[in-house]
Amino acid sequence: MRLRLVSWVSLLCLCAAQAVSYAPLYGDEPETKKISKEEIQKRLRKIQIGKETTFIEEPLNDQGNVDYLAAMNARLSDGVTPENNAVVELWLAAGPEYWSLETVGSREFFGAIGVKRFPSYDPFLVDWQDFALPTPTNSDDEEESMGDNSQYYELEERLLEAMGRPWTDEEFPQLAKWLDRNAKPLAHIEKAVERDHFYEPICWSLSSLEYDMYEVAEPTVGVAMEATDLLAARAMRRLGAGDLQGCAEDAYRLHRLAALVCLSPTSYAWQCGGEMRSAACGVSRAMADYPDATSEMLLAHLKRIDEVPQDPYAIERYDYFERLIFLAIMEGTIHSALKDAFDETRSRDRDFAKVLDAAFGNHFMDWNEPLRVGNKYFNDTVAAMKKPTVKESYDALDKVSDDYYEFVTEDEEEQPNLLLRIFQQKSIGKALGRDVAKALMDGYFYPADDYYDSYQRARKQLDLTKIAVAVAAYQRDNGTYPLSIGSLTPKYLPKVPIDADNGRPYQIRLSIVSLGIDGLDDAVSQGYDDMDVRLRELPAK
């Protein structure tokens, strides 16, 4: 998810074009006197604090504006200590140089999570491509290797295969050496997944929006993704060597790691957590397919998966965290535009400065309107996700998305003229503010369709995986598959699992099937709708 920086120039052009027609009202005024720093700060503080604009009312920074970052960090860090925070152990595995932390300040970041020093051992965590590819001997070799992506694709395919099925050292000797090379970092990763919190401070600066916001905000997510590759590859290596217990431990660690990353505040991080959960489910299903896996072992693994806490922020992530990030960027852009307007125009063009005074100083522009518009779309989105059924939520989210795209893509010819917009809004300031909202929303707001779809996919995949493990345990005991999902209760599953898409039990055939939100067996699966997990026929144990 990448955010575009809307420059203050586009805002000023819009505002000046709309406001210039009002300049004659002021006649030939005396030369504009120099404005004090305090007066400029007062004029720049155009944003009203309240539910419809800033959404939260505290804490405030030194300029009297809402400090969104402090509010989010306070909520996320509640109850967190260096001893219960998985982020600490993940960075002890990765080392201080793993991620480019100069964008957020490494001393500030590590100090906030309580890392005072790193272990003296070397090496720290190294990713697969860096390990497998030879180090360039000179700059020409480096440019040549960067231009040839085929090696990276080949290595990626090899890693994905090793994460998806049991394998032996003879098949992938280099991958085996990579896992051995990361033995010490893996020990820290094992400690990390036993912890209950995943807190990394959001410490990006609103003056540095040229960076990719989410990568800067949550660098530990990248470390966790690398840890997922290591754990999944090691689990399949252990399964290939017949070490079922070791594989089960790594599968459990993968489920724990995915759940921890899903404690992160942004949908970007949550989607990464969803990919980790997919890897965890793949290892669990590989165990279920393994001929030597007993019913007792599979049921013990299923019980441990059930004990992994699930995402507590399904709605709050969008309603609170994503909203505050959006408002922080919107407000920061507005303040930057206003400040640059005063600084630039007063030093170069006093006549234009008068026009800006007419628009800004005399409140012709309502700078609260962009925040009101943004909050409306967040309110509509959250209301859609709270609908009683998945189908109703999908329908409501589609409507929010359609309304949003219609709003930001209106052609000039289709828009009402300025006087009509003013009449509709009953305010000059709101009419102009709505035009600014259109420009800002197009850069900073993202409909929740993809997030909600990913959330439902991950929920369903976990459901299907649990059923697959239970079916495999049943088959080991009875020599055949159950005729219905109800046959699994209460020994293998505590209750009949219901597909939240349609309110009906999942289906068991040659695979475990979800019929999706329409409840119909579609000939062709359309996107998210129908999903299934294939079952492997094995002899009874």
Side-chain angles (χ1 to χ4, degrees), residues 76-99 101 106 109-128 131 163 176 178-201 218-239 243-264 269 272-273 275-277 279-280 283-284 287 300-301 303-312:
L76 292 167
S77 63
D78 185 34
V80 177
T81 67
E83 291 71 35
N84 64 20
N85 188 6
V87 168
V88 172
E89 287 292 341
L90 287 174
W91 278 106
L92 292 179
E97 305 300 327
Y98 183 82
W99 197 263
L101 284 172
S106 59
F109 180 87
F110 291 125
I113 63 175
V115 175
K116 297 180 179 179
R117 63 175 59 89
F118 283 86
S120 58
Y121 70 77
D122 186 24
F124 289 104
L125 186 152
V126 60
D127 71 27
W128 163 235
F131 176 82
M163 292 170 61
W178 173 61
L179 289 174
D180 294 339
R181 160 66 171 71
N182 282 295
K184 289 182 178 179
L186 274 165
H188 284 288
I189 293 169
E190 290 173 5
K191 293 178 182 178
V193 300
E194 294 300 327
R195 298 189 170 187
D196 297 323
H197 295 273
F198 189 93
Y199 168 64
E200 52 181 332
E218 297 173 305
T220 314
V221 173
V223 181
M225 292 286 283
E226 193 66 48
T228 299
D229 292 347
L230 284 165
L231 288 172
R234 189 176 70 174
M236 291 302 192
R237 182 193 190 188
R238 287 175 166 178
L239 193 58
D243 181 7
L244 281 164
Q245 190 58 44
C247 177
E249 288 296 326
D250 279 341
Y252 171 71
R253 291 181 182 115
L254 284 164
H255 283 285
R256 287 278 308 178
L257 183 59
L260 284 166
V261 171
C262 285
L263 297 176
S264 297
C272 291
E275 292 181 27
M276 297 175 200
R277 181 174 285 112
V283 175
S284 292
M287 281 182 56
H301 180 60
K303 181 180 179 182
R304 296 191 80 187
I305 296 176
D306 281 333
E307 293 171 352
V308 174
Q310 295 307 307
D311 180 15

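The minimum heavy-atom distance between Ser284 and Ala251, with the atom names listed, is OG-CB, 4.1 Å. Heavy atoms only, all atoms of each residue included: Val221 and Ser264 are closest at CG2-OG, 4.3 Å.
Under the rule for a side-chain hydrogen bond (donor to acceptor under 3.5 Å, both in side chains), Asn182 has no partner lying at least two apart in sequence or in another chain. Listed by chain and number, the residues in a salt bridge (Lys or Arg N to Asp or Glu O under 4.0 Å) with Asp243 amount to none (sequence neighbours excluded).
Salt bridge Arg256/Glu190: absent, no basic N to carboxylate O contact under 4.0 Å. Note on Arg237 versus Asp250: no salt bridge recorded, every NZ/NE/NH1/NH2 to OD/OE distance being 4.0 Å or above.
Judged by distance alone, the side chains of Thr81 and His197 never bring a donor and an acceptor atom under 3.5 Å apart.
The backbone N or O of Val223 lies less than 3.5 Å from no partner atom in the side chain of Trp91, so there is not a single donor-acceptor pair. A donor-acceptor distance shorter than 3.5 angstrom exists from the side chain of Gln310 to the backbone of Val308, with no hydrogens or angles considered.
Between Leu231 and Leu186, some side-chain heavy-atom pair lies under the 4.5 Å cut-off. Side-chain contact between Leu76 and Phe198 is absent, with no heavy atoms from C-beta onward closer than 4.5 Å.
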#### Entry: Verdict with supporting geometry, Arg195 and Glu89, salt bridge (Lys or Arg N to Asp or Glu O under 4.0 Å)
CA-CA 9 Å; Arg195 298 189 170 187; Glu89 287 292 341; 3.3 Å; yes

